[in-house]
Colleague: 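Got a structure here, written out as structure tokens. Questions coming.
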Number of protein chains: 2
Amino acid sequence: MVGRTRNTKSKRATLADVAKLAGVSAITVSRVLNHPDKVSDDLCHRVREAIDTLGYIPNQSASSLASARSQVIGVAIPSLSNVVFNDVLRGIYDVAGAGGYKVLLVDTHYSPIEEENMIRTLLSQSPEAMIVTGGDQTRACQRMLSSAAIPVVQMMEILEEPLDMNIGFSHFQAGFEVAQKLMACGYQRIGFIGARMDTRVQQRMAGFKEALQTQDLYHSELFTTTPSPSSIALGGELLRGLLSTSGGKLDAVFCCNDDLALGALFESQRMHLSVPKDLALCGFNDFETSAFVNPSLSSVHVPRYEMGVQAAQMILNVLKGVPNKEKQVDIGFEIRMRQSTRMASA
Amino acid sequence: MVGRTRNTKSKRATLADVAKLAGVSAITVSRVLNHPDKVSDDLCHRVREAIDTLGYIPNQSASSLASARSQVIGVAIPSLSNVVFNDVLRGIYDVAGAGGYKVLLVDTHYSPIEEENMIRTLLSQSPEAMIVTGGDQTRACQRMLSSAAIPVVQMMEILEEPLDMNIGFSHFQAGFEVAQKLMACGYQRIGFIGARMDTRVQQRMAGFKEALQTQDLYHSELFTTTPSPSSIALGGELLRGLLSTSGGKLDAVFCCNDDLALGALFESQRMHLSVPKDLALCGFNDFETSAFVNPSLSSVHVPRYEMGVQAAQMILNVLKGVPNKEKQVDIGFEIRMRQSTRMASA
DNA sequence: TTGTATGCGTTATCAG
DNA sequence: CTGATAACGCATACAA
């Protein structure tokens, strides 16, 4: 190593280093970076050259400390492996990134306790806003969120009493309408298989059950649930279980998501059950696979990317001082009936 | 604004606030948080109470600035929507989280230019280490990474000249072996469909092609590629295209990933082509779907979660001062032949 | 347009 | 075991 003018031990260059090299004061360098319009073109140019030659990268911690602006948005999702959150995240990242914000992402593993800890960690980074999933945070967690005094969006479902802003759709209503569709198709022995059983899945199931009850078609022995995480393999297992306990008297099954539904479909095929002739299947989330598999799978489509986009936009609006028209947005859903369920009887 | 004793306007509590309430000095509070063993139980207790009643959350920016330890690991992946990276990320998050590190994640959209910008942003957060994808960073980006003087892991593929540490597998070799397997099954008219065509896909294709050439079975007209991102829909389209241009003389297709392969499989079914009788298919990445779809799909299995885990562990080791035995780890792959390709001829 | 002084909340260093 | 003081690197408020 060659001895250099100052940074003896090749430490990261600072504003001061750049300033010295450019022959200006530190604040001028800062301005070139943050308010270029407030600096003469001449200096601006000289400073940029110095920045380049030094490979200067601003220290965001110092900036954050001095300005109380971290440029970070904290995001908490319950699972990194659940593909559902990918699309939402993509929306958030696209909008946040375009707005100059970084995203600090944590995975709460569907546990409110973990969520509380992760959100505490997140808050220690002084995020300028937070996006969290659902509404079952611990009391302590909600207090933290509130006293952080930053915009918060709770996403994925419509909440009775949002902490601040809220975007999502009614899982209860979605479940309810799926049941209506299946009944309209003439199915009588209608079952349900669910996994993970987080709040949103529970609501889907509750809505589904309620609709069945209106027609006296709810049979508790046709409902199977497990706290295990969803997978295609599990979908097959649950279907087999349901078929055996129901004594074969089963003509339609609503699966709480497309993982289970695809598993059930593939398992049906292996058991030489014809879908939808022997058994109708309906999933939830509408994966791309569902539209292309044979027979194609009926499912509930949700504009997830759009939800992420809007969640981030609501945040950016508040951060920019533009008030949102609505603090709560119902993004809706759409039931897509395909080949795995027969046409509604006229 | 009123002159304040301390926080007139419910600002976040600071170390000083906690210290005052507990009747100790700020540094003692700091120690309770970071080196509890160096503080008497009595004080420790009093301080913790004060922390609780104030709902104190440390300011990581200040900590980072003062200690030069950000507790952040930066991660750059090329796509948030590609499921492949989910598993890797899960591994990284699990290990990093357990080690007390946060993960700052960026999506480079498969663009070295974007990657350079995003990594610059990442570096401004003073991460203590970086995990990036592959080796085709821009020169400038590699310089930044090097001069950051932090541990760096390049993952997903084995590199000739890693910047620092490296974990992955040889995509060339994987493609090569897939071709060998197909040829061993007796296929003669072997095609390839590829999308996105990033470095790793190109290597798979190159290996595949080279193996075919050894047996004089490479036919350029049976290779189709597109820069478009992969999807199931695209797999179907590419297969249709290939079938029409090849005049039906095609008996096996290697798809650069399982998205395309599933699309090709579903499309074959709609065209009433029997797989593998009329056409054999092999994918890459081994999604869960591939093992369960009918017919099940041959694919190349890669220990992605494990790769994420090990990448993070290599980082943590360096950070803890424990040297890694290897700076480069070949995590391997495994070709899983299933029903979509016929058995190798004896 | 540019610069000076000051403080952001924490930790390292050194005293006691 | 505990505390005083001085950084850490940058941006705000004010001057020039």
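Numbers restart at 1 for each chain; the letters A, B, ... are given by sequence-line order, proteins then strands. Values below: every heavy atom of this structure, side chains too, minus hydrogens, waters and symmetry copies.
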Colleague: With side-chain hydrogen bond (donor to acceptor under 3.5 Å, both in side chains) as the test, would you mind laying out the steps for A/S25 and A/T28 before giving the verdict?
Modeller: CA-CA 5 Å; A/S25 73; A/T28 300; 3.3 Å; yes

Colleague: Go along nucleotides 5-16 of chain C 5' to 3' and tag each nucleotide: B for a protein heavy atom under 4.0 Å from its base, S when only backbone or sugar atoms are that close, - otherwise.
Modeller: --BBBBBB----

Colleague: With distance as the sole test, does A/Q154 use its side chain to make a donor-acceptor pair with the main-chain N or O of A/V132 at under 3.5 Å?
Modeller: no

Colleague: Does D/dT2 have OP1 or OP2 under 4.0 Å away from a side-chain N or O of B/T28?
Modeller: no

Colleague: May I ask you to test the B/N59-B/T14 pair for a side-chain heavy-atom distance under 4.5 Å?
Modeller: no

Colleague: Over how many whole Å does the gap from B/D37 atom CG to D/dT2 atom C1' extend?
Modeller: 14 Å

Colleague: Could you check whether any side-chain N or O of A/T133 sits under 3.5 Å from a backbone N or O of A/A76, counting only pairs where one atom can act as donor and the other as acceptor?
Modeller: yes

Colleague: I'd like to know if the side chain of B/N86 and the backbone of A/L80 have a donor-acceptor N/O pair within less than 3.5 Å.
Modeller: yes

Colleague: Is A/D42 salt-bridged to A/R46, going by a charged N under 4.0 Å from an acidic O?
Modeller: yes

Colleague: Can you list, in residue-number order, the parts of residues 38-51 of chain B that come under 4.0 Å of DNA chain D, counting heavy atoms only?
Modeller: B/K38, B/V39, B/S40, B/L43

Colleague: Run A/V318 and A/K327 through side chain to side chain contact (heavy atoms under 4.5 Å, CB included) and show every step you take.
Modeller: CA-CA 10 Å; A/V318 176; A/K327 296 203 80 173; over 6 Å; no

Colleague: Distance only, no hydrogens: is a donor on one side chain within 3.5 Å (strictly under) of an acceptor on the other, for A/T108 and A/S111?
Modeller: no

